[in-house]
2 protein chains.
Amino acid sequence: MPRPMRADAKRNYDKILATARIVFTERGTDSSLDEIAKRAGVGPGTLYRHFPTREALVDALMQDWTDRVSADADAAIATGQPAREMLLGWFEHFIDHITLHRGAASKICAAMDDPASPMYRKCRVMGEANGRVIDHLDAGGQLRPGVDAANVMRLVSGVASVADTSHADLDVRPMLEVVVDGIVRG
Amino acid sequence: MPRPMRADAKRNYDKILATARIVFTERGTDSSLDEIAKRAGVGPGTLYRHFPTREALVDALMQDWTDRVSADADAAIATGQPAREMLLGWFEHFIDHITLHRGAASKICAAMDDPASPMYRKCRVMGEANGRVIDHLDAGGQLRPGVDAANVMRLVSGVASVADTSHADLDVRPMLEVVVDGIVRG
DNA sequence: ACCTGAACACCGTTCAAGT
DNA sequence: ACCTGAACACCGTTCAAGT
């Protein structure tokens, strides 16, 4: 049970988070933390107190995502579509979410296999969502033998990262089709 | 025809490059440029004169890679292996090369589709090497219809980027197998 | 033509002083 | 307990002075 925050602390915490969401949307997750503090109207020390690392700040913003990503996974399963369509839809939704802020995808790639990262837990939640989709299709015998959910997650996150990093805004669909063909039973 | 460099300029240029290779190998391509200048025994302005951006410096170091990557592609084709083995070997060699310095893979992902990047030309050379392997297999009817070499390049670079970014040193093999299965004719 | 190194701007991080 | 803002360290970039 975390004890409740003092009123002014809670106010600053929320203000920083709201500002970070705006700034990260505008200029990506590598924006100046100083600017976020300034625009939130707090001292740099206050931001640092609440979020000791940039990853901690990104992590706090990811809360919404993980919820939606989880919901998307279950929604995909519920459609009952054939494997190819289900996976393509799920992957595209997943990528849409984790590329909401520029630079986030590659941070997720890094955090995914790093238990020391503040973002690790949320990466696991998303990994479990993906695991449900993969398991569902695997149980239906629709996948190649030996497909590993964790590797699928890494691959799709990699695609997201490439699309996110790319200067041109390229279509992820063709890449996802290759991945899907590599997963579903031929 | 670029006019020859003055002797002292050439000496500094080479010294900076040699030092950068060492530092990038030790700490990756996001190391401090200041440190490179110091260890090379030149002023920061000298480094900046020869390499106006970090990408220009990485680009200069990539020369060796593109040569080897090109050679590897032709060597892979020459083996005459079946599609799966040939692609796996080629991809692994390619990844080994572009992850030689940490952070290089993601820079390559970014430069690949950005003609304004100093690294663009060398990315194209590597893309052409990959194109030769893909074309060779496609001509032999070993690939799925509609496989696009540029997308394969992006995917494999993405895998490299994920492996490079990852805190754990994970095996790229399982991911590459998925990609290969998505490319070769079922 | 090229090099040097001081100077500048920017940014993350710390911490003493204040409430 | 929390905030502020000055101070610090670090780094990329510029440029005047020198050869």
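In the text below, chain A, chain B and the rest are named by the order of the sequence lines, each starting its count at 1. All values reported here derive from a predicted model rather than from experimental measurement.
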Using the closest heavy atom to pick a nucleotide of DNA chain D for each, name whichever of Gly41(A) or Pro52(B) lands nearer the 5' end.
-> Gly41(A)
How many Å lie between CG on Asp30(B) and C1' on dC11(C), as a whole number?
-> 16 Å
Would you name the heavy atoms of Ala60(B) and Leu17(B) that are closest together and state the gap between them?
-> CB-CD1, 3.6 Å
What distance separates Thr19(B) OG1 from Lys38(B) NZ, expressed to the nearest 0.5 Å?
-> 13.5 Å
Heavy-atom pair of closest approach, residues Ala163(B) and Val172(B) = CB-CG1, 3.5 Å
Output the single nucleotide from dC2(D), dG12(C), dT4(C) whose closest atom is nearest the side chain of Val42(B).
-> dT4(C)
Okay, side chain of Arg54(A), backbone of Thr29(A): is any donor-acceptor separation there less than 3.5 Å?
-> yes
Side-chain N or O of Ser32(A) less than 4.0 angstrom from OP1 or OP2 on dC10(C)?
-> no
For Tyr13(B) and dC3(C), what is the distance between atoms OH and C1' respectively, to the nearest whole Å?
-> 17 Å
For the residue pair Asp114(B) and Met119(B), establish whether any side-chain heavy-atom pair is separated by less than 4.5 Å.
-> no
Of Gly45(A) and Asp34(A), the one whose closest DNA chain C nucleotide lies more 5' = Asp34(A)
Write down the distance between NZ (Lys38(B)) and P (dA6(C)), rounded to a whole number of angstrom.
-> 11 Å
Can you tell me the distance, in whole Å, between the CD1 atom of Ile36(B) and the C1' atom of dC10(D)?
-> 15 Å
Between dC3(C) and Asn12(B), is there an OP1 or OP2 to side-chain N/O distance shorter than 4.0 Å?
-> yes
So what does Thr46(A) touch, heavy atoms closer than 4.0 Å: a base, only the sugar-phosphate, or nothing?
-> base
Report the distance from atom CZ of Arg6(A) to atom C1' of dT19(C), rounded to the nearest whole Å.
-> 8 Å
Calculate the interatomic distance between Lys15(B) atom NZ and dT4(C) atom C1'; express it in whole Å.
-> 17 Å
Base-pairing mate for dA1(D) - Watson-Crick or G-U, with both contacts under 3.5 Å | dT19(C)
Quick one: is dG12(C) close enough that its OP1 or OP2 comes under 4.0 Å of any side-chain N or O from Tyr48(A)?
-> no
Expressed in angstrom and rounded to an integer, what is the separation of Leu47(A) atom CG from dC3(D) atom P?
-> 11 Å
Round to a whole Å and report the spacing from CZ of Arg27(B) to P of dC11(D).
-> 9 Å
Base-pairing mate for dG12(C) - Watson-Crick or G-U, with both contacts under 3.5 Å | dC8(D)
Among the nucleotides dG12(C), dT4(D), dT14(C), whichever has the atom closest to the side chain of Pro44(A) is dT14(C)
Does a side-chain N or O from His50(B) land closer than 4.0 Å to OP1 or OP2 of dC2(C), or not?
-> no
Closer to the 5' end of DNA chain C via nearest nucleotide, is it Asp8(B) or Thr53(A)?
-> Asp8(B)
